Amino acid sequence: MAGLDPMDWHGIREIGHRMLDEVFDRMEHVGEGPVWRPMPPAARQSLKEGLPEKGHSLDDLYGRYQELVVPYGVGNTHPGFMGWVHGAGTPVGMLAEMLAGGLNANCGGRDHAPIEVEREVIRWALQMVGMPEDGSGCLVTGSSMANFISVITASRAQDLAIRKDGIGGRGLVGYAATTAHGCLPRAFDLAGLGSEALRRVPVLADHRMDVGALSDMIAADRKAGFVPFMVAGTAGTVDCGAIDDLVAIEAVARQAGLWFHVDAAFGALACLSPRFKKQLSGIEKADSLAFDFHKWAQVPYDAGCVLVRDSRKHAAAFAQSLDYLVREERGLAAGAPWFCDFGPDLSRGFRALKVWMTLGHYGSERMGDMVETCCDVAANLARRVEQTEGLALLAPVTLNIVCFGLDGLEDAEVSELVQDLHESGIAAPSTTRINGRLAVRAAIVNHRTTTAHTDRMLDAVIALRDDRLKA
């Protein structure tokens with residue numbers, strides 16, 4: 001048998017239409033049923049069949065998918081999902097994924113339309129945050145990779161010889177708040193700088209970076225013979241959603257001659273909100289910026305983004321001249337610079353289509369309204385927490401994350417309570433630690449979540465707490 005196309009196109013078309021109808025049915029009723037359910041051991045075992053020598057029918061594989069995969073997903077499409085910062089997706093994004101799969105474009109480079117779509121998406125992103133539109137960027141797996149690319153770019157901007165000679169004994173150090181995401185020290189590790197080269201700056205009572213301490217640490221490192229090269233501010237911390245004073249951090253960075261980076265994994269989308277945009281003042285001054293379209297922008301996973309103010313410095317950190325990747329003036333090998341010049345990936349999927357179609361369909365105003373609605377739901381939850389005896393709001397609610405404690409329970413009991421809540425299927429918040437105390441953390445990122453869902457979650461938390469206190 002030659003090739004992998006079906007002998008019966010009618011049959012695969014028929015099952016394809018059935019798949020599409022059933023996906024839409026599931027999306028239409030996504031709020032029904034449990035948020036999450038544990039995968040039974042038998043179901044796990046059923047997926048351990050080994051590499052098949054003979055293929056299964058598509059109908060059989062689809063049946064196994066429906067039985068073994070669909071019921072046991074992470075639950076982030078459900079409006080009761082409030083744990084971590086996961087976008088919920090949209091029908092438009094799902095259709096875009098299907099279209100991109102049909103085109104199967106490699107967006108590492110060359111001269112074709114999907115590259116132009118990604119360039120337009122990058123222009124939109126630059127415009128959204130207020131960075132110069134002649135900047136550069138690319139779509140990546142997520143903010144972890146976007147932060148990594150930013151660290152690489154910043155270090156090479158400090159000393160381009162690193163590309164050939166390695167880090168050596170240059171003593172490069174950077175700075176981020178203690179509340180910064182763990183992907184930043186990991187980026188320093190992977191970049192060869194060492195995770196300890198990222199100095200962790202203390203935070204103030206409002207969980208924002210202590211900018212005075214930052215200045216002191218830079219001066220102390222210079223005196224000790226180190227070479228400070230970058231500082232990373234955070235627009236929406238992973239624990240409670242705090243936004244560093246980006247204006248003040250940028251001023252310190254400029255005075256000290258440091259690269260100013262912003263990790264805005266989910267917070268960048270607040271730039272589309274007239275009400276919350278001011279809180280992100282200074283983001284437009286970033287030398288590099290990392291954020292995710294698959295979080296608050298509701299684009300299907302995965303769709304991270306890195307933006308760089310100076311495209312020449314960005315390309316200088318990654319571009320290669322190789323005989324088998326020569327750029328031409330015309331033909332398919334034209335169209336330089338290619339996106340592989342702005343990151344480590346040569347093989348890249350057509351991520352841009354789902355971003356282009358999602359933002360293109362809903363528009364910036366509607367997306368901004370969605371952001372504000374999420375924040376309103378979070379504010380309502382915070383009010384309920386403050387009005388409920390035995391609950392304590394543990395951090396200011398800057399945007400859409402609510403962290404609260406349960407009086408009378410030890411940390412281990414709070415952890416067990418949240419696990420019980422997950423297994424009940426009612427809601428799925430997460431936990432974090434605020435000032436040493438374990439908190440229940442509700443991140444309102446899902447565009448489907450309403451006050452009815454947060455009320456149901458909180459009522460269940462209170463009932464579970466009361467049961468424990470009575471025991």
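Keep in mind that the numbers below use all heavy atoms, side chains included, and drop hydrogens, waters and symmetry copies. Source: prediction; values computed, not measured.
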Name the one of N400, V402, V397 that satisfies side chain to side chain contact (heavy atoms under 4.5 Å, CB included) with L381?
V402
Got a sec, which residues hit side chain to side chain donor-acceptor pair (under 3.5 Å) with S415, two or more places apart in sequence or on another chain?
Q419
Taking all non-hydrogen atoms of both residues into account, name the closest pair between M131 and E284 and its distance.
CG-O, 3.8 Å
Side-chain H-bond candidate by donor/acceptor type, S143 with D292, under 3.5 Å:
yes
Is any NZ, NE, NH1 or NH2 atom of the basic residue among E97 and K354 found under 4.0 Å from an Asp or Glu carboxylate oxygen of the other?
yes
So do the side chains of L172 and I162 get within less than 4.5 Å of each other, counting heavy atoms only?
yes
So do R163 and Q320 actually touch side chain to side chain, heavy atoms under 4.5 Å?
yes
In chain order, what residues pass the side chain to side chain donor-acceptor pair (under 3.5 Å) check against D411, with sequence neighbours excluded?
R433
Set out, in order, the CA-CA distance, both residues' side-chain angles and the distance that settles side chain to side chain donor-acceptor pair (under 3.5 Å) for E372 and S273, then state yes or no.
CA-CA 7 Å; E372 294 190 0; S273 160; 2.7 Å; yes
When you check the side-chain N and O atoms of R441 and S430, is any donor under 3.5 Å from an acceptor?
yes
Under a 4.5 Å cut-off applied to non-hydrogen side-chain atoms, are N76 and N446 in contact?
no
Return yes when atom CD of E133 has more than 12 non-hydrogen atoms of other residues, nucleotides or ligands closer than 6.0 Å, and no otherwise.
yes
Would you check if N435 and R437 make a side-chain contact, meaning some heavy-atom pair closer than 4.5 Å?
no
Check whether any side-chain heavy atom of P91 sits under 4.5 Å from a side-chain heavy atom of F24, and report yes or no.
yes
Check ring-ring contact (aromatic ring centres under 6.0 Å, His included) between F266 and all other residues, then give those that pass, not counting sequence neighbours.
W296
Which class fits the ring pair F291 and F293: parallel under 30°, tilted 30 to 60°, perpendicular over 60°?
perpendicular
Are R170 and F229 in a cation-pi setup, meaning NZ or CZ lies under 6.0 angstrom from the ring centre and within 45 degrees of the ring axis?
no
Can you tell me how far CD of E196 sits from CZ of R200, rounded to the nearest 0.5 angstrom?
10.0 Å
Quick one: which of V231, D287, L289, V129 gives a side chain to side chain contact (heavy atoms under 4.5 Å, CB included) with V262?
L289
Any donor-acceptor pair under 3.5 Å linking the side-chain atoms of H314 with those of S311?
no
Can you tell me if CZ on R222 sees more than 12 non-hydrogen neighbours from other groups inside 6.0 Å?
yes
Say whether, by atom type as modelled, one donor and one acceptor occur between the side chain of E328 and the main chain of A334 under 3.5 angstrom.
no
Can you label the angle between the H422 ring and the W84 ring as parallel, tilted or perpendicular, going by 30° and 60°?
tilted
Flag yes if more than 12 heavy atoms outside R186 fall under 6.0 Å of its CZ atom; otherwise flag no.
no
On a heavy-atom basis, which atom in D239 and which in C403 lie closest, and how many Å separate them?
O-SG, 3.3 Å
For E386, is there an ion pair with R383 - N to carboxylate O distance below 4.0 angstrom?
no
Are more than 12 heavy atoms, taken from residues, nucleotides or ligands other than W338, located less than 6.0 Å from that residue's CH2 atom?
yes
